[in-house]
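So the structure is just underneath, and the comments pick up after that.
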Amino acid sequence: MVGVLALQGDYEAHARALRSAGAEVKEVRTAPELETVVALVIPGGESTTMLNLLHRERLVEPLKRFSTVRPIFGTCAGAILLASDVTNPVQECLGVVDIGVERNAYGRQLDSRVVRLDAGELGEVEAVFIRAPIIRRTGEGVKVIANYNGDPVLVEQGMHMVATFHPELSMGTRVHGRFLEKVKG
Ligand code: GLN
């Protein structure tokens, strides 16, 4: 059973994408629910709002503990939450993946776009960017799977995955499939 953090954002689209990729899915809103899943997706949305809701639900510490034993996949706002440092503006984050991200980094003119990316072993994937962050720094243990405009947009660190785009809004299931491979170990 794979969990999707369902406090805010486009968690329903992730649940659909995970099901298409062959997973059983459960929405997670509380610490006891988190304990019932073997992996977690943190969706896109608004990272400040999601962070406030995580505090309200007392999920910050449980999530950090979960990340030491179970895979997490963060997309867009989820990527911002998983990072180790966040700028524009500086914001608290969980420090699960050793990356530094800048929020809303493509600016107003290029708020949103759809592009095709060469994702190496995953082949070509469609990437939908919506007020996306840019990964400005990757630590030593971080593997870059795909770049866009010279910046990493899909990375992995150990069992965890981060995308600055929205794979749940595209038809293909390769990116979610990759995460499910990690879940199986
Ligand atoms: N701009 C949002 C933030 O900074 C993220 C956007 C998204 O998840 N599509 O939290």
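Basis for what follows: all heavy atoms, side chains included, without hydrogens, waters or symmetry-related copies. Start at 1 and go down the list; that is how both ligands and their atoms are numbered. All figures in this text were calculated on a predicted structure; none of them were measured in a lab.
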Quick check on contacts: which atoms of ligand 1 are under 4.0 angstrom from a heavy atom of G44? 8 (O)
Answer with yes or no after comparing the ring centroid distance for H14 and H166 against a 6.0 Å cut-off, counting only values under it. no
Closer than 4.0 Å to some heavy atom of S47 - which atoms of ligand 1 meet that? 3 (C), 4 (O), 10 (O)
Give yes or no for whether the N/O distance cutoff of 3.5 Å, strictly under, is met between A77 and ligand 1. yes
Ion pair present between E46 and R131, side-chain N to carboxylate O less than 4.0 angstrom? no
Give, for atom CZ of R136 and atom CD of E102, the distance between the pair rounded to the nearest 0.5 Å. 4.5 Å
Quick one: does NZ or CZ of R113 land under 6.0 Å from the six-membered ring centre of Y106, within 45 degrees of the ring axis? yes
Does any N or O atom in T75 lie less than 3.5 angstrom from one in ligand 1, N or O only? no
What residue and heavy atom of the protein are closest to atom 2 (C) of ligand 1, and at what distance? G45 O, 3.7 Å
Identify the protein heavy atom lying closest to atom 1 (N) of ligand 1, giving its residue, its atom name and the separation to 0.1 Å. N104 OD1, 2.6 Å
Backbone or side-chain N or O of C76 under 3.5 Å from ligand 1 N or O: no
Between R103 and ligand 1, find which residue part has any heavy-atom pair under 4.0 Å and reply side chain, backbone, both or neither. side chain
Can an N or O of I80 be found at a distance shorter than 3.5 Å from an N or O of ligand 1? no
When you compare the side chains of S47 and Q91, does any donor N or O come within less than 3.5 Å of an acceptor on the partner? yes
Would you check if the distance from the ring center of Y148 to the ring center of F165 is below 6.0 Å? no
Quick one: does ligand 1 sit under 4.0 Å from the side chain of H166, the backbone, both or neither, non-hydrogen atoms only? side chain
Quick one: are F129 and V115 in side-chain contact, heavy atoms under 4.5 Å? yes
